Every structure is written in structure tokens, then in C-alpha cells.
Amino acid sequence: MALFLLLVLVAVVLGIIGAVAEGLGYLLIIGIVLLVAALAFIAVRWSRRSGRRPIR
């Protein structure tokens, strides 16, 4: 969970810098890609966790 929060924080910071600074639009793109990767990472972890329920 800490890795997910770190990735989201870095993505937000890069997105803000990329949107504010002129000529650094590539940082905005990198921030968006990193945010999508973080969301995919957490989705995969949640899907794995739901499959480990014990059978009664």
C-alpha cells in the first residue's frame, strides 16, 4: 500500500510541474502514465487478494 501511495504522490507532483512549467509537458505525460500504472498495480493486488478466500 505504501508503494501505491508513493507512486500516486510522484504522479501528482510530476503532473503539477508539467502543467505549470512551460516546455515541460512531457512531465505531465509521465505523471499521467505513472498514475495509470499505479492504479493498475493496485487493481492487480486487489484481484489476487480476493482469490485467496478459504473454501468452507
Side-chain angles (χ1 to χ4, degrees):
M1 191 58 141
L3 179 63
F4 170 71
L5 294 175
L6 178 68
L7 287 174
V8 169
L9 180 66
V10 170
V12 168
V13 169
L14 286 176
I16 290 172
I17 292 172
V20 172
E22 184 144 345
L24 294 178
Y26 65 91
L27 286 179
L28 179 62
I29 305 275
I30 292 172
I32 292 170
V33 169
L34 193 58
L35 181 64
V36 169
L39 292 175
F41 172 74
I42 201 71
V44 166
R45 288 195 44 115
W46 277 350
S47 69
R48 285 185 187 172
R49 189 174 295 172
S50 66
R52 294 185 184 168
R53 294 182 185 156
I55 300 174
R56 292 182 182 212

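No hydrogens, no waters, no symmetry mates; every other heavy atom, side chains included, goes into these values. Computed from a prediction, not measured in an experiment: that's the story for all the values here.
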For this session: Name all residues meeting the side chain to side chain contact (heavy atoms under 4.5 Å, CB included) criterion together with Ile32; count only those two or more places apart in sequence or in a different chain, and write none if there are none.
Result: Leu28
Problem set entry | Atom pair CG/CZ of Leu34 and Phe41 - distance to nearest 0.5 Å | 12.0 Å
For this session: Verify the cluster assignment for Val20 and Ile29: are they in a single hydrophobic cluster under the rule of side-chain heavy atoms below 4.5 Å apart?
Result: no
Exercise. Listed by chain and number, what are the side chain to side chain contact (heavy atoms under 4.5 Å, CB included) partners of Val36, not counting sequence neighbours?
Worked result: none
For this session: Could you pull out all residues at least two apart from Leu6 that satisfy side chain to side chain contact (heavy atoms under 4.5 Å, CB included)?
Result: Val10
Exercise. Are Leu7 and Ile17 grouped together when hydrophobic residues (ILVMFWY) are joined by side-chain heavy atoms under 4.5 angstrom apart?
Worked result: yes
Exercise. Do you know which two heavy atoms are closest between Gly31 and Ala11, and how far apart they sit?
Worked result: O-CB, 3.3 Å
Problem set entry | Minimum heavy-atom distance between Ser47 and Val44, given as atom pair plus value | OG-O, 2.9 Å
Exercise. Any link between Val13 and Val33 through a network of hydrophobic side chains (Ile, Leu, Val, Met, Phe, Trp, Tyr) touching at under 4.5 Å?
Worked result: no
Problem set entry | Gap between atom CD1 of Ile42 and atom CG of Leu3 - 0.5 Å precision | 8.5 Å
